Amino acid sequence: MFSVKELVESVPLTSLPSNYIFRNTESNRHCLLMEPEETVPIIDFSLLTSHDPHQRSKTITQLGNACLNWGFFMVINHGVAETLRDEMVRETESFFDLRGEEKKQYAGKKLFDPIRCGTSFNANVDKTLLWRDYLKIHVHPHFNAPAKPSGFSKVLQEYCEKTREMANELLRGISESLGLEERYINEKLGVESSESHQLFVANMYPPCPQPELAMGLPPHSDHGLLTILMQNGIQGLQVMHKGKWVLINPLPNSFLVNTGDHMEILTNGKYKSVLHRAVVNNKATRISIGTAHGPPLDTLVSPAKELVADDAGQTYLGITYRNYLELQQSKSLSGKSCLDRLRFSM
């Protein structure tokens, strides 16, 4: 099948097809799920951008602690209109509701095709298929959008501009939290340049007949510096924290932000990318919308010399962003396996 959505709609399912069954899922899903002993960090974006130096300094400290201890946080008071967020979700749902033939024109097989939609992660190599359909669009430096739905392009462009602005401001705060100049990350990696890379990724997780046996996305970390995520109100995101899976329940109108592999490389392991996964349910379709923010594709990302201690040395090899994306896409999605290949042997 071209998509899980088509599979679900083609015939009533009472059990999960065998090629979607994760054999080890049931044993580890519930026993490791926990309520966090501490609150998921919340960053007030309005205080990060405040002209009050005390408020900004306090928020930068909170941001640094969130990156250090969780690699994940919620952002509130971000200035992105709720109407725009709602429109982005609706337009995304409308895209997935297009007829199969209309979507198949975007069934690209190449990583850097401007628009790709499909199912699983890398269906050519995935031993077990994921209960997930996706739409991936390279939206910066060159903006792309599907022709249908008719309103999708306009909403997408505005939404991606807003999240790009948010990412740039968060990265300034993160730079300062590391003891670096405010624009260190953005200037060193060209994140605010006309060639910086932004990828829009929308995921659809239809209701699953046996959700305890399936997986929307397995444990993994993201490429890039930051991923900014929102969803349609249906839970499913779990974050690894202190060896336990934590189910994330976002505050209304908040964004979820996680640090990516290139943040871990740049900071020489101080701010680690966070493992997370998406579980599915048997009642409602979950939609998640993420934007991944990184440097220009041909930028070499390596540990900042200011963050490499003389006694510890450099932890990671440098790699261009393009080569890292190619490495990740060539394999099944599995933990931090791509990042692990760049670690210097101890």
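Owing to the predicted nature of the structure, the values given are computational and were not obtained by experimental measurement. What's counted below: heavy atoms across the whole structure, side chains too, no hydrogens, waters or symmetry copies.
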Mind checking whether [X] and [Y] have side chains closer than 4.5 Å, heavy atoms only?
X	Y	result
Phe143	Ile137	no
Ile43	Ile76	no
Leu111	Arg116	yes
Ser273	Asp222	no
Cys208	Asn282	no
Tyr321	His223	yes
Met88	Phe200	yes

Check your understanding: Phe152 vs Phe95 aromatic rings, parallel, tilted or perpendicular, using cut-offs 30° and 60°?
Key -> tilted
request  = Please work out whether the ring planes of His138 and Phe112 are parallel, tilted or perpendicular, with thresholds of 30° and 60°.
outcome  = tilted
So how far is it from [X] [atom1] to [Y] [atom2], rounded to the nearest 0.5 Å?
X	Y	atom1	atom2	answer
Trp131	Leu213	CH2	CG	11.0 Å
Glu306	Asn268	CD	CG	11.5 Å
Tyr106	Glu102	OH	CD	9.0 Å
Tyr184	Leu171	OH	CG	13.5 Å
Leu48	Ser57	CG	OG	11.0 Å
Tyr271	Cys67	OH	SG	5.5 Å

Inset, instruction - Evaluate the criterion side chain to side chain contact (heavy atoms under 4.5 Å, CB included) for residue pair Phe72 and Leu237; output intermediate values, then yes/no. - result: CA-CA 12 Å; Phe72 177 85; Leu237 175 65; 4.1 Å; yes
Checklist entry - Is the ring centre of Phe255 less than 6.0 Å from the ring centre of His78? => result yes
Provide the closest heavy-atom pair for [X] versus [Y] in the form atom of the first, atom of the second, distance.
X	Y	result
Asn144	Leu156	O-CD2, 3.6 Å
Leu275	Ser221	CD2-N, 4.1 Å
Ile265	Leu342	CD1-CD1, 3.8 Å
Ile319	Leu300	N-CD1, 3.4 Å
Ala284	Ile234	CB-CD1, 4.0 Å
Ser193	Pro296	OG-CG, 3.8 Å

State plainly whether the residues [X] and [Y] are in salt-bridge range, i.e. N to O under 4.0 Å.
X	Y	result
Glu158	Lys154	no
Glu264	Lys336	yes
Arg56	Glu182	yes
Arg90	Glu93	no
Asp113	Lys110	no
Glu192	Arg164	no
Arg322	Asp298	yes

| message | Cation-pi check for Tyr134 against Lys136: NZ or CZ below 6.0 Å from the six-membered ring centre and within 45 degrees of the axis, yes or no? | response | yes
Determine whether the side chains of [X] and [Y] contain a donor N or O and an acceptor N or O closer than 3.5 Å.
X	Y	answer
Arg286	Asn281	no
Ser46	Asp44	yes
Asn323	Thr320	yes

| said: Set out, in order, the CA-CA distance, both residues' side-chain angles and the distance that settles side chain to side chain contact (heavy atoms under 4.5 Å, CB included) for Ile287 and Asn203, then state yes or no. | reply: CA-CA 6 Å; Ile287 298 280; Asn203 300 301; over 6 Å; no
Hey, does the side chain of Ser254 reach the backbone of Pro250 with a donor-acceptor pair shorter than 3.5 angstrom? no
- Query: Within the distance-only criterion (no hydrogens, no angle test), does the side chain of Lys272 pair as donor or acceptor with the backbone N or O of Gly269 below 3.5 angstrom?
  - Reply: yes
Counting neighbours of NZ on Lys188 that are heavy atoms of other residues, nucleotides or ligands and sit closer than 6.0 Å, is the number greater than 12? yes
Query - Criterion side chain to side chain contact (heavy atoms under 4.5 Å, CB included) on Thr61 and Thr59, from CA distance to verdict - result: CA-CA 5 Å; Thr61 299; Thr59 307; over 6 Å; no
Go through the steps to decide whether His276 and Asn258 satisfy the test side chain to side chain contact (heavy atoms under 4.5 Å, CB included), and finish with yes or no.
-> CA-CA 9 Å; His276 53 289; Asn258 64 266; 4.0 Å; yes
